Asker: 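Before I ask anything, let me first share the structure, which is written out below as structure tokens.
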There are 2 protein chains.
Amino acid sequence: MGLVVQKYGGSSVADAEGIKRVAKRIVEAKKNGHQVVVVVSAMGDTTDELIDLAEQVSPMPPGREMDMLLTAGERISMALLAMAIKNLGHEAQSFTGSQAGVITDSSHGKARIIDVTPGRIRTAVDEGNIAIVAGFQGVSQEKKDITTLGRGGSDTTAVALAAALDAEVCEIYTDVDGVFTADPRVVKKARKIDHIGYEDMLELASSGSKVLLHRCVEYARRYDIPIHVRSSFSGLQGTWVGRTQGNEAMEQALISGVAHDTSEAKITVVGVPDKPGEAAAIFRAIAGAEVNIDMVVQNVSAASTGLTDISFTLPKSEGRKAIDALEKLKATVAFESLRYDDQIAKISLVGAGMKTNPGVTATFFEALSRANVNIELISTSEIRISVVTRADDVNEAVRAVHTAFGLDSDSDEAVVYGGTGR
Amino acid sequence: MGLVVQKYGGSSVADAEGIKRVAKRIVEAKKNGHQVVVVVSAMGDTTDELIDLAEQVSPMPPGREMDMLLTAGERISMALLAMAIKNLGHEAQSFTGSQAGVITDSSHGKARIIDVTPGRIRTAVDEGNIAIVAGFQGVSQEKKDITTLGRGGSDTTAVALAAALDAEVCEIYTDVDGVFTADPRVVKKARKIDHIGYEDMLELASSGSKVLLHRCVEYARRYDIPIHVRSSFSGLQGTWVGRTQGNEAMEQALISGVAHDTSEAKITVVGVPDKPGEAAAIFRAIAGAEVNIDMVVQNVSAASTGLTDISFTLPKSEGRKAIDALEKLKATVAFESLRYDDQIAKISLVGAGMKTNPGVTATFFEALSRANVNIELISTSEIRISVVTRADDVNEAVRAVHTAFGLDSDSDEAVVYGGTGR
């Protein structure tokens, strides 16, 4: 048997009991004959507590020092985990991101992995140790400064190590049983997905599913590392994310799930002169402010006025920056006004082969209509349809779509378009 | 002006307010034109909290992982201190022991410094930064594992960096105003010492004075680094520890101070056959158990029995180990019994030129006698006389000796032997 990489999040190692429980699970994998490399996050609220301390000494902590500070969190959890494993009679050694060879660029707080040179990890496991690696952190190639990878960093560390060590699988342990067809807090009848392709998982992650982040799935797809998302509290099989099998995905529309996202806001630029270059100027201004936008819609121009409206969605947290950038633009682009709306939700249906199966779109819209949910924006990709609705309607909308596509756990069979059944 | 190394202990950086106060003091030194390198300990009780966590997951935490865990403490304080300095408008960068080039042996928990290669620190200060370095920690030469230096480690880091960077002075900031002629909690009239030689400071440190540890003073003496011990709460001059000026120390007895120590216990091996090799066997057994002994006295053998008693003192914490080792020895050395006594105190008078001035010893014993303090053991060195008394008598004894040698702060002049006045 080969090498497995396991990743445990902060909620799994929140206290001494959690650490001991995780240690037992790790030792099981080792007893089963695997070489085991473990990536661990900081314990529970440690990171928040450290951020709080930083705010007490400085309103604008420099990125280099913030990274030095925050990386203390994983240092604590990984050392404790190694101790707990040793106490179960197995050899374990902990390694910082730097010691594990996680080389990054110098963007403190959101560093990108450039290379992984896991020589010490390989040696440690070849000598019979369980290697415990700090997630979320690395060392910059140029200045040898400590860096952090930003949101979802520990998952990305795990996948990157799995790729560099040619692991059989990267197991992501979390506090839920896997990836579901919808958020189980909203849809009681949501079903756990057993297998999902990288592409569908990427779309779900972009559309508000929080189990895995886009970045980690993207990395796994590039290096073809199977991810197994599962609960650290149960022994159950979770969700396998991997390459889709050829025949399954070809001609049928196979719905993976329904995701929703209430973290976005909508900005409408009203009364933009409908001539070449105006829209470009608007989006150049937004890009200049380093705001990431998501969905974009330009209304059909009213012939009588020659004016049009442009709407787009963006993270609420970047709303202020975007509005400021657009206000400054008013001198050069003669739009009429700006509207900012943060009471929106995005509902997305994700599945392969969707675009070539028009029935999918029809079913989707009919379901929303029957639930009296009004649609404000629409965007589609090869394997996703997303709509923007009022935030108040989101739970109703998700449930309606989930049921319409036969995803409810008491449905006999999923609805399949253009094929002969699942 | 040159480079200064400043060291701040855990009580000086116990919370955000403390960190901001220390940051201001550091910036003052920088404004005065110095290059500044700061060594910092973990905040207040952090180390104890981490040890507590370790005990919750493992009764016997491996040393490598314990060091990984504990070094998180300085990582937090040094990053916060760099942020606080930056917030005052000065550039600061923090460095781990490893990044600062503190190379040690592989003895986890009590590593010895082998070499200091402070290239990154030199570059940082030459570029105008204040460099903040984690005290207490290093990296092992052989395996590149994180190590800790044990008790007094941060002071040693500071002196070692001062030596490697050829600093003007190593300032040790603490919560007292300097080194005193006796413990001010015991002797109200104790005086702050302005200047003291390395040798006297070493004897004080070995005799129970807790302001500076022996190890750090020894390092400073070897590299001739002046140490300035001072309060981080006041702006006062503290105590300078350095080379003694030739003429001062030559023929006079100059008393530096009175130290006391209640952390030791006394073991008496009763009825040892007074023949060659028996005492050696006893001390070989003690050494084999890795127990450090301090004072040793062998009684004059009683001619009638051919038996003698051997007494020695040792840290109370090692009492159990020593007794176990001696019990095992009973098969080969025919002593009668063992006595263990942890109700003792050691009182030491430290000063240069003492041995050649018999009046010193006489005054010392007379003072104890007048105070009705009984003497159980005596040992002397070139610059120290130590006696063991009952623990209950310690405060009375220290005060009596302090007064007898004219050290009280309201004395007109110190008593000086064999010279022409101070």
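Every chain is numbered from 1 and lettered A, B, ... according to where its sequence line falls, protein lines coming before strand lines. Every value quoted in this text rests on a predicted model; they were computed, and no experiment measured them.
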Asker: Heavy atoms only: give me the nearest B/G152-B/L213 pair and the separation to one decimal.
Answerer: CA-CD1, 3.3 Å
Asker: Taking all atoms of both residues into account, what is the closest heavy-atom pair of B/P118 and B/L161, and its distance?
Answerer: CB-CD2, 4.0 Å
Asker: Does any heavy atom of chain A fall under 4.5 Å from the side chain of B/M66, the backbone, both, or neither of them?
Answerer: both
Asker: Quick check: closest heavy atoms across A/V133 and A/A100, and the distance to 0.1 Å?
Answerer: CG1-CB, 3.6 Å
Asker: Any idea which heavy atoms bring B/A158 and B/V39 closest together, and the distance?
Answerer: CA-CG2, 3.7 Å
Asker: Under a 4.5 Å heavy-atom cut-off, does chain B meet the side chain of A/I19, its backbone, both or neither?
Answerer: side chain
Asker: Between chain B and chain A, which N/O donor-acceptor pairs sit under 3.5 Å?
Answerer:
from	atom 1	to	atom 2	distance (Å)
B/K20	NZ	A/Q56	O	3.1
B/Q56	O	A/K20	NZ	3.1
B/R64	NH1	A/S94	O	2.9
B/R64	NH2	A/S94	O	3.0
B/E65	OE1	A/S94	OG	2.5
B/E65	OE2	A/S94	N	3.0
B/M68	O	A/R75	NE	3.4
B/T71	OG1	A/R75	NE	2.9
B/T71	OG1	A/R75	NH2	3.2
B/R75	NE	A/M68	O	3.4
B/R75	NE	A/T71	OG1	2.9
B/R75	NH2	A/T71	OG1	3.2
B/S94	N	A/E65	OE2	3.0
B/S94	O	A/R64	NH1	2.8
B/S94	O	A/R64	NH2	3.0
B/S94	OG	A/E65	OE1	2.5
B/R120	NH1	A/K144	O	3.1
B/R120	NH2	A/K143	O	3.2
B/R120	NH2	A/D145	OD1	2.9
B/K143	O	A/R120	NH2	3.2
B/K144	O	A/R120	NH1	3.2
B/D145	OD1	A/R120	NH2	2.9

Asker: Provide the closest heavy-atom pair for A/G97 versus A/A134 in the form atom of the first, atom of the second, distance.
Answerer: N-CB, 4.0 Å
Asker: Measure the CD1-CD1 distance between A/I113 and A/I103 for me, rounded to the nearest 0.5 Å.
Answerer: 10.0 Å
Asker: By side-chain contact (heavy atoms from CB on, under 4.5 Å), which residues pair with A/A162, not counting sequence neighbours?
Answerer: A/V5, A/A167, A/C170, A/I225
Asker: For B/L165, which of B/V116, B/V37, B/V125 qualifies under side chain to side chain contact (heavy atoms under 4.5 Å, CB included)?
Answerer: B/V37
Asker: Which answer fits B/A23, side chain, backbone, both or neither, if we ask what part of it has an atom under 4.5 Å from a heavy atom of chain A?
Answerer: neither
Asker: Can you tell me which portion of B/L80 sits under 4.5 Å from chain A's heavy atoms? Options are side chain, backbone, both or neither.
Answerer: both
